[in-house]
Number of protein chains: 2
Amino acid sequence: MDNAQLLKGVLEGCVLAVIDKGETYGYEIIGELEKSGFDEIGEGTLYPVLTRLDKSGLIACRRAKSPLGPVRKYYSITPQGRSFLAEFKKRYRRITESAAAILFEEEIL
Amino acid sequence: MDNAQLLKGVLEGCVLAVIDKGETYGYEIIGELEKSGFDEIGEGTLYPVLTRLDKSGLIACRRAKSPLGPVRKYYSITPQGRSFLAEFKKRYRRITESAAAILFEEEIL
DNA sequence: CAAGCTACTAAACAATGCAAAGTAGCTGAT
DNA sequence: ATCAGCTACTTTGCATTGTTTAGTAGCTTG
């Protein structure tokens, strides 16, 4: 199946939400996403998202040694990221409610 | 704001769901979508979706005169479309539940 | 030293929504 | 009869974003 299209945009918001819970790094974010039910988010999928969020100023980055492997890049959310996330949630909710109205009608998602 | 990405894939499923409710045509589908809460779905957005669904064999097309304007293309769902829609709903639900778990945590969407 | 895990990078690609412009039939007002 | 405005569909070119694949490199363990 092709979930790629359904993930568009959603992933960006979810990654930001994960970082909002506390400073974290790429590999760990993948684990968080999969723990919440997302299927096999590859590294080639996640890292470009982080790069974009960083360039947009929604997250900040700092390098630090890992006790396990190579250097990690730790990300934390910025004030701009926080307000973007708040807006994102509103937009996301609105769209999912519109879609649910058509897809599931009487059911409440 | 840019809802374009959040709509990716969702729109296709919603259009199919609208047609599943009964034979209809492009202009009317746009009305249905907006009635359910979607914002300004342009013609340049919808018609390519219909073309794709048709080519994929998920909907069937027939031309008929309109009492108001130019000829309409009426679309109806095919058996393949029905099973695709059922699968789509499962996938969509799974992804929105995963996203909600991260975005809204304890809240129940 | 090799295997395997951790961790990030980069390039080429495919899918889809969107804006803009165009074609055309029909109706009603001027 | 003409023009505006609504209905209805088409086409082109574009931007964004997730995926695939491959690659680099540190660390631990056998």
Side-chain angles (χ1 to χ4, degrees), chain A residues 1-16 23-34 38-56 58-59 61-75 88 91-92 95 98-99, chain B residues 1-16 23-34 38-56 58-59 61-75 88 91-92 95 98-99:
Chain A
M1 315 302 155
D2 182 26
N3 284 346
Q5 301 306 317
L6 284 180
L7 262 189
K8 300 254 160 135
V10 179
L11 190 61
E12 186 171 316
C14 288
V15 168
L16 194 53
E23 193 184 48
T24 180
Y25 60 96
Y27 227 67
E28 194 173 58
I29 294 174
I30 291 179
E32 282 299 308
L33 292 172
E34 293 183 349
F38 286 105
D39 261 5
E40 299 169 19
I41 304 294
E43 305 165 35
T45 295
L46 178 70
Y47 289 108
V49 174
L50 292 173
T51 306
R52 252 182 288 137
L53 290 173
D54 192 22
K55 278 185 186 164
S56 307
L58 303 181
I59 57 178
C61 177
R62 117 186 132 77
R63 294 170 170 282
K65 285 179 191 165
S66 156
L68 288 182
V71 183
R72 288 178 183 159
K73 293 176 81 172
Y74 283 92
Y75 293 98
F88 173 83
R91 287 189 295 129
Y92 181 75
I95 287 186
S98 301
Chain B
M1 311 305 155
D2 182 26
N3 284 346
Q5 300 306 319
L6 284 181
L7 261 189
K8 300 254 160 134
V10 180
L11 190 61
E12 188 171 314
C14 287
V15 168
L16 194 54
E23 195 185 46
T24 181
Y25 58 97
Y27 227 66
E28 194 173 56
I29 294 174
I30 291 179
E32 282 298 309
L33 292 172
E34 294 184 348
F38 287 105
D39 261 5
E40 299 168 20
I41 304 294
E43 306 166 35
T45 296
L46 179 69
Y47 289 110
V49 174
L50 292 174
T51 305
R52 252 182 290 140
L53 291 174
D54 193 21
K55 279 184 186 165
S56 308
L58 303 181
I59 58 177
C61 178
R62 117 187 131 77
R63 294 170 171 282
K65 285 178 191 164
S66 158
L68 289 182
V71 182
R72 288 176 185 161
K73 292 176 83 172
Y74 283 92
Y75 294 99
F88 173 84
R91 286 189 294 132
Y92 180 75
I95 287 186
S98 301

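These numbers come from the heavy atoms of this one structure, side chains and all, not from hydrogens, waters or symmetry mates. Each chain gets a letter, A, B and so on, in the order its sequence line appears, and its residues count up from 1. Remember, predicted model here, so these are calculated numbers, not experimental data.
- Here the CG atom belonging to A:L11 is positioned 7.0 Å from the CZ atom belonging to A:F38, to the nearest 0.5 angstrom.
- In this structure, B:S66 and B:L68 approach most closely via the heavy-atom pair OG-N, 2.9 Å.
- Interatomic distance, A:R91 CZ to B:D2 CG, rounded to the nearest 0.5 Å: 7.0 Å.
- From one end of the helix from C:dC1-D:dG30 to C:dT30-D:dA1 to the other, with five pairs defining each end axis, the axis direction shifts by 0° (rounded to 10°).
- A salt bridge is absent between A:R72 and A:E28: the closest approach of a Lys/Arg side-chain nitrogen to an acidic carboxylate oxygen does not fall below 4.0 angstrom.
- No engagement by B:G42 is indicated, since no non-hydrogen atom pair under 4.0 Å with the nucleic acid exists.
- Taken from CD1 in A:I29 to OH in A:Y75, the straight-line distance is 8.0 Å, to the nearest 0.5 Å.
- Within the nucleic acid shown, A:I41 has no heavy atom closer than 4.0 Å to any nucleic acid atom.
- Remark: A:I41 CD1 to A:I30 CD1 distance equals 8.0 Å, nearest 0.5 Å.
- In this entry the distance linking CG of A:L6 with C1' of D:dT16 reads 16 Å, nearest Å.
- Mapping B:E43 and B:R52 onto DNA chain C via the closest heavy atom, the residue that lands nearer the 5' end is B:R52.
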5' to 3', nucleotides 24-30 of chain D under a 4.0 Å protein heavy-atom cut-off (B base, S sugar-phosphate only, - none) gives -BBS---

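- One can place CD1 of B:I30 at 12 Å from P of C:dA19, the figure rounded to the nearest angstrom.
- Minimum heavy-atom separation, B:L50 to B:G26: CD1-CA, 3.9 Å.
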